[in-house]
Amino acid sequence: KTRVASMMAGATNINPVTIDVYNTVVTAVSFEVEGATYYGFHSKSFGFHTMDVYLIIDSEGKIAKMSAQQFIFDEEYFMSFAGMPGDYQTKFEGLTSETFDGSQAIIATATMTSNAVKQSTYDAFAAFEAIKNGGAE
């Protein structure tokens, strides 16, 4: 199982997906959960360090899950950092390429992380569009 597919309990029929778009997405897979098809994207974007961001998008183009290997780097050097909002990852759920405007990625006083997550999300939507609109699977 890939890390991104393991974010959805019961994932089966996990297959690599070829995407015809160049961006921060380094891996794409398709898989099924209870008969529904999902697409998982692993993006490597740059915060203070390279961030591994994972997004799962359902067949209708809605984010089902979002996570990252690590959100905040070198936290001890940022005295004004108030911590991660408790609902940060779940507030991405249900967003589409039309409803995601980047503001959902903002973490107060964590500009580099916010920008990296925003870029990864835009890029996952672009990869999804490439798959759905003529990209090869």
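The first residue in the sequence is number 1, and the count goes up from there.
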(message) Ignoring hydrogens, what is the shortest heavy-atom contact between Ser59 and Tyr39? Give both atom names and the distance.
(response) CA-CE1, 4.5 Å
(message) For Phe125 and Phe41, I'd like to know if the aromatic rings sit close, meaning centre-to-centre distance below 6.0 Å.
(response) no
(message) Can you give me the closest heavy-atom contact between Met8 and Lys65, atom names plus distance?
(response) SD-CG, 3.6 Å
(message) Do Val21 and Val17 sit in one hydrophobic cluster, given that two such residues count as connected whenever their side-chain heavy atoms are within less than 4.5 Å of each other, even indirectly?
(response) yes
(message) Within this structure, what is the OH-CD1 distance for the pair Tyr88 and Ile107, rounded to the nearest 0.5 Å?
(response) 4.0 Å
(message) Can you tell me how far apart CG (Leu55) and CZ (Phe100) are? Round to the nearest 0.5 Å.
(response) 8.5 Å
(message) Are Lys44 and Asp52 packed together at the side-chain level, in the sense that at least one heavy-atom pair is separated by less than 4.5 angstrom?
(response) yes
(message) Just by distance, no angles: are the side chains of Asp123 and Thr24 close enough, under 3.5 Å, to form a donor-acceptor pair?
(response) yes
(message) Within this structure, what is the OG-OH distance for the pair Ser43 and Tyr122, rounded to the nearest 0.5 Å?
(response) 14.0 Å
(request) For a side chain to side chain contact (heavy atoms under 4.5 Å, CB included) with Ile63, tell me which candidate from Ile56, Asp58, Leu95 qualifies. (result) Leu95
(request) Kindly give the heavy-atom pair with the smallest separation between Val33 and Ala9, and that separation in Å. (result) CG1-O, 3.5 Å
(request) Compare all side-chain heavy atoms of Phe71 with those of Gln89 and state whether any distance is below 4.5 angstrom. (result) yes
(request) Assess the side chains of Thr99 and Thr96: does a donor N or O sit below 3.5 Å from an acceptor N or O? (result) yes
(message) Could you go through Met66 and Val117, starting from their C-alpha distance and side-chain angles, then the distance that decides it, and tell me whether this counts as side chain to side chain contact (heavy atoms under 4.5 Å, CB included)?
(response) CA-CA 10 Å; Met66 187 283 272; Val117 170; 4.2 Å; yes
(message) For a quick test of reading the model, state the closest non-hydrogen atom pair linking Ser103 to Asp101 and the distance between them.
(response) OG-OD1, 2.5 Å
(request) Taking all heavy atoms of Glu129 and all of Ser97, pick out the closest pair and write down the distance. (result) OE2-OG, 4.3 Å
(message) For a 4.5 angstrom cut-off between non-hydrogen side-chain atoms, does Ser120 reach Met51?
(response) no
(request) Decide whether Val26 and Phe46 are clustered together by the hydrophobic rule: side chain heavy atoms of Ile, Leu, Val, Met, Phe, Trp, Tyr closer than 4.5 Å, transitively. (result) no
(request) Enter the distance from Lys118:NZ to Gln104:CD here, rounded to the nearest 0.5 Å. (result) 10.5 Å
(request) Taking all non-hydrogen atoms of both residues into account, name the closest pair between Phe92 and Ala105 and its distance. (result) CZ-CA, 3.8 Å
(message) Once rounded to the nearest 0.5 Å, what's the spacing between atom CD1 of Ile106 and atom CG of Asn115?
(response) 8.5 Å
(message) I need the Ser30 OG to Asn15 CG distance, nearest 0.5 Å.
(response) 4.5 Å
